[in-house]
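Every heavy atom of this structure was used, including side-chain atoms; hydrogens, water molecules and symmetry mates were not.
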Amino acid sequence: MPWTMDDYPQSWKNLDTLERKKAIDIGNAMLKDGYQEDRVIPIATKQAESWYKDASENELKALKHKKIKKHEKDNASNPKLNEKDVHVYFEDNVWKIKSDGAKQASDSFDKKEDAMKRARNIADNRSTEIIEHKKDE
């Protein structure tokens, strides 16, 4: 059953209202994709806090009116990859991020520093490692 603004994990009670709504939105999407609740709560919390801190007025306004219980299943999502290490590698003139076992890269960046920052965020959320490849590997 999806979380609502009236029924959500206890750990989200002290979040600001829109920050909590974002955590619920992220959490509901992850649950729909088959992620385990005990993994969803800390990831959704961290992502919501980060998003809320950097959100524009337009993004906050859009979230205020968003239906947070409606999510389509993402068939590209694979919860099993959450336990896999994250690779940062250079291909096709960009830096890419891909989990062990993934069919394709999840993100691409012009700068290695940006790719490493995103990979660090992913690996921290998963408690996994980053495998950094050299440009010519």
Tell me whether Asp25 is salt-bridged to Lys66, with the criterion being a basic N under 4.0 Å from an acidic carboxylate O. yes
Which heavy atom of [X] sits nearest a heavy atom of [Y], and at what distance?
X: Gly27; Y: Val40; answer: CA-CG1, 3.5 Å
X: Asn28; Y: Trp3; answer: OD1-N, 2.8 Å
X: Ala48; Y: Ala23; answer: CB-N, 3.4 Å

Taking only residues two or more places apart in sequence, or in another chain, which ones meet Thr17 in a side-chain contact (heavy atoms from CB on, under 4.5 Å)? Met5, Arg20
Applying side-chain contact (heavy atoms from CB on, under 4.5 Å), name anything that partners Lys134, two or more places apart in sequence or on another chain. Asp136, Glu137
Are the side chain of Thr45 and the backbone of Ile41 linked by a donor-acceptor contact shorter than 3.5 Å? yes
Out of curiosity, [X] [atom1] to [Y] [atom2], how far, rounded to the nearest 0.5 Å?
X: Glu91; Y: Lys96; atom1: CD; atom2: NZ; answer: 4.0 Å
X: Thr128; Y: Ile122; atom1: OG1; atom2: CD1; answer: 8.5 Å
X: Thr4; Y: Asp7; atom1: OG1; atom2: CG; answer: 5.0 Å
X: Ser50; Y: Glu19; atom1: OG; atom2: CD; answer: 10.0 Å
X: Asp54; Y: Glu59; atom1: CG; atom2: CD; answer: 9.0 Å
X: Glu49; Y: Trp12; atom1: CD; atom2: CH2; answer: 11.0 Å

May I ask you to check whether Phe109 and Trp95 place their ring centres under 6.0 Å from each other? no
Are there more than 12 heavy atoms of other residues, nucleotides or ligands under 6.0 Å from atom CD of Glu129? no
Any chain of hydrophobic side-chain contacts (each under 4.5 Å) joining [X] to [Y]?
X: Leu63; Y: Ile24; result: no
X: Ile43; Y: Val86; result: no
X: Met30; Y: Leu15; result: yes
X: Tyr8; Y: Leu18; result: no

Donor-acceptor contacts under 3.5 Å from residues 110-117 side chains, at least two apart:
{"unit_1": "Lys112", "atom_1": "NZ", "unit_2": "Glu132", "atom_2": "OE2", "d": "2.8"}

Step-by-step side-chain contact (heavy atoms from CB on, under 4.5 Å) determination, Ile130 to Asp85: CA-CA 6 Å; Ile130 298 171; Asp85 290 331; over 6 Å; no
Do Lys22 and Tyr52 form a cation-pi contact, if we require the NZ or CZ to be under 6.0 Å from the six-membered ring centre and within 45 degrees of the ring's axis? no
Check the orientation of Tyr89 and His133. Use parallel for under 30°, tilted for 30 to 60°, and perpendicular for over 60°. perpendicular
Walk me through whether Lys46 and Asp124 qualify under side-chain contact (heavy atoms from CB on, under 4.5 Å). CA-CA 10 Å; Lys46 187 173 182 179; Asp124 287 350; 3.6 Å; yes
